[in-house]
Amino acid sequence: MRASRMHLCTLREDPADAEIASHRLLMRAGYLHKSGAGLYLYGPLLQRVLAKVKAIVSDEMARAGGLEVTMPIMQEQGLWEKSGRWATYQASRTMLTVKDRSGQTFGLAPTAEEVVTDYAANVVTSYKQLPVCFFQQHTKFRDEIRPRFGLMRVKEFIMMDAYSFHDSDESLDQTYQAMRKAYHRTFRRLGLEAFAVEADSGAIGGSGSHEFMVAAAVGEDTILFNAESGYGANVERAVGRVAPAPAWAAPAAAVRVHTPAVGAITDVMGFLQKNGYADVQPAHGLKCVLFVAKTEKVEVTVAAFVRGDRDINEVKLTNAITRLLGDQGPVLNLRPMHPPEVVTATTAQPGFAGPGAGLTVGLALFDKNTLDADTPYIAGANATDHHLVGFRIARDAAVKLHWDDLVTIREGDGDPQGPGVLSEKRGIEVGHIFKLGTKYSAAMQALYLGPDQKRHPFIMGCYGIGSSRVVAAAVEQHHDADGITWPVSIAPYQVVIVPAGKPGDAAVEEAAEGLYRDLQAKGIEVLLDDRDAKPGVKFKDWDLVGIPYRIVCGRGVATGTVEVKPRGGTNADVPLAEAVGLATTWIQERLAVLHAAAEAVR
RNA sequence: CGGGGCGUAGCUCAGCUUGGCUAGAGCGUCUGGUUUGGGACCAGAAGGUCGCAGGUUCGAAUCCUGUCGCCCCGACCA
């Protein structure tokens, strides 16, 4: 491609609304055009990058046995009602809906379990056809509450989604592991450093799941990990060992203490320290957070308790409530109580809630990691400006006790699997794999005939990679002060030739044209910067765009040499005749490194 | 949806507080010339319903009301 014909539109300044590197650089280099909030036009350069990402993703999915299909983006409401998810997605309002001319309502694909399950039910009839895995790479819509960070979180995006069907848990597990391996291979070929962590399965549902994360300071997820044991989990899911609180001089029986105008735990402890309980700390508090949980059928008030120095994990709490509610569930929405609701539930102003007399809630849950039934705590007295000192849950609580895992694990907590300690880092979620079980197939009556001559619901798995998000994550991981430094496997072009002689220098022009022809003949994706611009402008542009290799035909041409330079690396002066060979070799070597990394996945 | 902020040229922004002359700058674009190894220089040009709609006023980018859009902080997810 000749640069004069490719409509390169780089910006010298950062767009005002771009905060993170990928957004900033993709906009500045002309990859992206913002069409609306969370809506982007992918320019010609981005199209090439995306095509390469998609090709690698598809290749690895096919290698793992997947069959590529294309599913409709408009999905009938009826299908979603069969699975029972219409209500969930309407409640969270993540699904965009449209009406056709006859008034029928459709959802715009946020995912495709229903569509693919319906397909499998029709085309897979016998256990002899199992397992099977269908996948696609297609546009998805999610009515994001707040699109942000350029390509990172948008309303319309491209996702690879795969769905597998099985007749046994063992078969599902085999495919799950194959997908896990395929994902690792995919990310290595893409040049991305990604790692898998345990995750909550969220709205998709199911038993097990792992997320694939790209480490990045701007990542929206928090990961807890221990490099030594290999444990890693999203904070939503992470478990760990919390150090016990130190003992303190608690009264034998609970004492009601006047604690004027101090509701926050640290304030309460500060007050008590000055008023007769010198050794109390926040860890001696019994923190009570009040929520309202909604399911399709019921609305229930909930009190959640955790040790005073720790926080409630709302994802864990949601799951715990769902378990308690049984067939009244699942919980579709969980929100903290508004102050007037707190007053109703505790007969006190917010800040003085506790599990003793006076608390009126549907459910009371206690964190089993940080709380003990027979240890003394300082609890709210359900009376404004009063606390109970020396409160013991087993003895003094006036509510039915439910114990579960509710605490948010944080840096410094113990590794659940070994002696080590957990660390924390931020990550961008680029992929997710789930074991779904029979959630969809049972609900939708998607059945196959087994060797026992009976009909069984498919056991399912589902797997996603955010193809367009991967592009943003790649830029986050590969950029410097001058611009993007694409891995060669996904760069829009592999080489750019920059003629840098005086205009009309026939020798320079001839050398550049010759290299251009020869590289094209070798199948290299090559650009020729034939624009009438100063060399400095060209260098800046290609550094920003991120072309991995640059060949400069300049003053050396007179003596028969050109310069070959990797992006961010050092120049090599080589004879004109060797430039094509050297660039080709370097490109192939770098691709080989990525392939070797993929082959090393076990 | 709650809280904060912003809408002026393709991009980045001044001007608004305290209403008043032809609405400005830099970058980018176009023309001509000089330049040509890390975002050149000179001369000239094009480009604006000041987000939109009302209102106040002799007069509104500026003040008021409404509305739409966008950005940032919190709850969703690839």
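Lettering follows sequence order; numbering is per chain, from 1. For clarity, every value in this text was computed on a predicted model and none was experimentally measured.
Straight-line distance from the NE2 atom of A:H23 to the C1' atom of B:C72: 13 Å, rounded to whole Å. The nearest whole Å value for the distance from the CD atom in A:E220 to the P atom in B:G74 is 9 Å. Rounded to an integer number of Å, the gap from CG of A:D221 to P of B:A75 is 12 Å. Taking atom CG on A:L190 and atom P on B:A78, their separation rounds to 18 Å, with Å as the unit. In this structure, A:I20 places its CD1 atom 14 Å from C1' of B:C72, rounding to the nearest Å. Atom pair A:L544:CG and B:G38:P shows a separation of 18 Å (rounding to whole Å applied). Atom CZ of A:F141 and atom C1' of B:C77 are 16 Å apart (whole Å). In this entry the distance linking CZ of A:R555 with C1' of B:U36 reads 12 Å, nearest Å.
Rounded to the nearest Å, the gap between the C1' atom of B:C58 and that of B:C71 is 39 Å. B:C64 and B:C16 are spaced 14 Å apart, taking the C1' atom of each and rounding to whole Å. Taking atom C1' in both B:U35 and B:A43, the straight-line distance is 15 Å, to the nearest Å. With C1' as the reference atom, B:G47 and B:U8 are 14 Å apart, rounded to whole Å. Using atom C1' as the reference point in both B:G48 and B:C13, the two lie 15 Å apart (nearest Å). Remark: the separation of the C1' atoms in B:U49 and B:G7 is 15 Å, to the nearest Å. When the C1' atom is used for both B:C30 and B:C72, the distance is 38 Å, rounded to whole Å. When the C1' atom is used for both B:C52 and B:U34, the distance is 47 Å, rounded to whole Å.
The residues A:D530 and A:R5 are annotated as not salt-bridged, no charged nitrogen and carboxylate oxygen being separated by less than 4.0 angstrom. Salt bridge A:D529/A:R2: absent, no basic N to carboxylate O contact under 4.0 Å.
A donor-acceptor contact under 3.5 Å is not formed by the side chain of A:R93 with the base of B:C76. Side-chain atoms of A:R146 and base atoms of B:C72 include no donor and acceptor less than 3.5 Å apart. For A:D482 and B:G38, a side-chain-to-base donor-acceptor distance below 3.5 Å is absent, hydrogens and geometry of angles not being considered.
At a threshold of 4.0 angstrom between heavy atoms, the contacts of A:E19 are confined to the sugar-phosphate backbone, with no base atom among them. In this structure, A:G554 reaches the bases: a heavy-atom distance under 4.0 Å links it to at least one base atom across the strands shown. Counting non-hydrogen atoms under 4.0 angstrom, A:V154 reaches a base of the nucleic acid. Counting any heavy atom pair closer than 4.0 Å across all strands shown, A:V552 reaches a base atom. Residue A:M95 is out of contact with every strand shown, counting any heavy-atom pair closer than 4.0 Å.
The nucleotide B:G24 finds its pairing partner in B:C13, both defining distances of the Watson-Crick or G-U wobble pair being shorter than 3.5 Å. B:U49 makes up no base pair with any nucleotide shown, lacking Watson-Crick or G-U wobble contacts both under 3.5 Å. A 3.5 Å limit on both hydrogen-bonding distances identifies no Watson-Crick or G-U partner for B:U56. Using Watson-Crick or G-U wobble geometry with both donor-acceptor distances under 3.5 Å, B:A61 finds no partner in any strand shown. With a cut-off of 3.5 Å on both pairing distances, B:G19 has no Watson-Crick or G-U wobble partner at all. Pairing for B:U31 is with B:A43, a Watson-Crick or G-U wobble pair whose two hydrogen-bonding atom distances lie under 3.5 Å. Searching all strands for a Watson-Crick or G-U wobble partner of B:G2 with both distances below 3.5 Å returns B:C73.
In this pair, A:F187 and A:Y183 present their aromatic rings perpendicular. The plane angle is above 60°, beyond the 30 to 60° band. Aromatic ring pairs are classed by plane angle as parallel below 30°, tilted from 30° to 60° and perpendicular above 60°; the pair A:W80 and A:W86 is perpendicular.
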Pairs under 3.5 Å (N/O, protein and nucleotides 11-14 of chain B):
{"unit_1": "B:U12", "atom_1": "OP1", "unit_2": "A:A16", "atom_2": "N", "d": "2.8"}
{"unit_1": "B:U12", "atom_1": "O2'", "unit_2": "A:E13", "atom_2": "OE2", "d": "3.3"}

Could you list all N or O pairs between the protein and nucleotides 40-45 of chain B that sit under 3.5 Å apart?
none

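A:H210 and A:F212 have their aromatic ring centers separated by at least 6.0 angstrom. For A:Y119 and A:F134, the ring centers sit closer than 6.0 Å to each other.
What you find for A:V361 and A:A345 is that their closest heavy atoms are CG1-CB, 4.4 Å.
Contact check of residues 556-575 of chain A against RNA chain B (heavy atom, cut-off under 4.0 Å) returns A:E563.
Contact check for A:H23 versus A:L151: no side-chain heavy atoms found under the 4.5 Å cut-off. Annotation: side chain of A:V57 is in contact with side chain of A:M61 (closest heavy-atom distance under 4.5 Å). Contact check for A:L290 versus A:T301: no side-chain heavy atoms found under the 4.5 Å cut-off.
Between A:Y163 and A:T117, the side chains place no donor N or O within less than 3.5 Å of an acceptor N or O (distance only, hydrogens not considered).
The ring of A:F157 lies on top of the base of B:A78, close enough and flat enough: under 5.5 Å between centres, under 30° between planes.
Cation-pi geometry between A:K181 and A:Y176 is not met: the NZ or CZ atom fails to fall both under 6.0 Å from the ring centre and inside 45° of the normal. Geometrically, A:K565 does not engage A:Y549 in a cation-pi contact, judged by NZ or CZ lying under 6.0 Å from the ring centre and within 45° of the ring axis. Figure legend: cation-pi geometry between A:K140 and A:F157 absent, as NZ or CZ is not positioned both under 6.0 Å from the six-membered ring centre and within 45° of its axis.
With RNA chain B read from its 5' end, the first of the two nearest nucleotides for A:K540 and A:S467 is the one closest to A:K540.
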Item checked: salt bridge (charged side-chain N to carboxylate O under 4.0 Å, His left out) between A:R567 and A:D480, worked out -> CA-CA 10 Å; A:R567 172 77 172 80; A:D480 62 18; 2.8 Å; yes

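For the pair A:R148 and B:G74, the criterion of a side-chain N or O lying under 4.0 Å from OP1 or OP2 is met. Contact between the side-chain N/O atoms of A:K34 and the OP1/OP2 oxygens of B:C71 is found at a separation under 4.0 Å.
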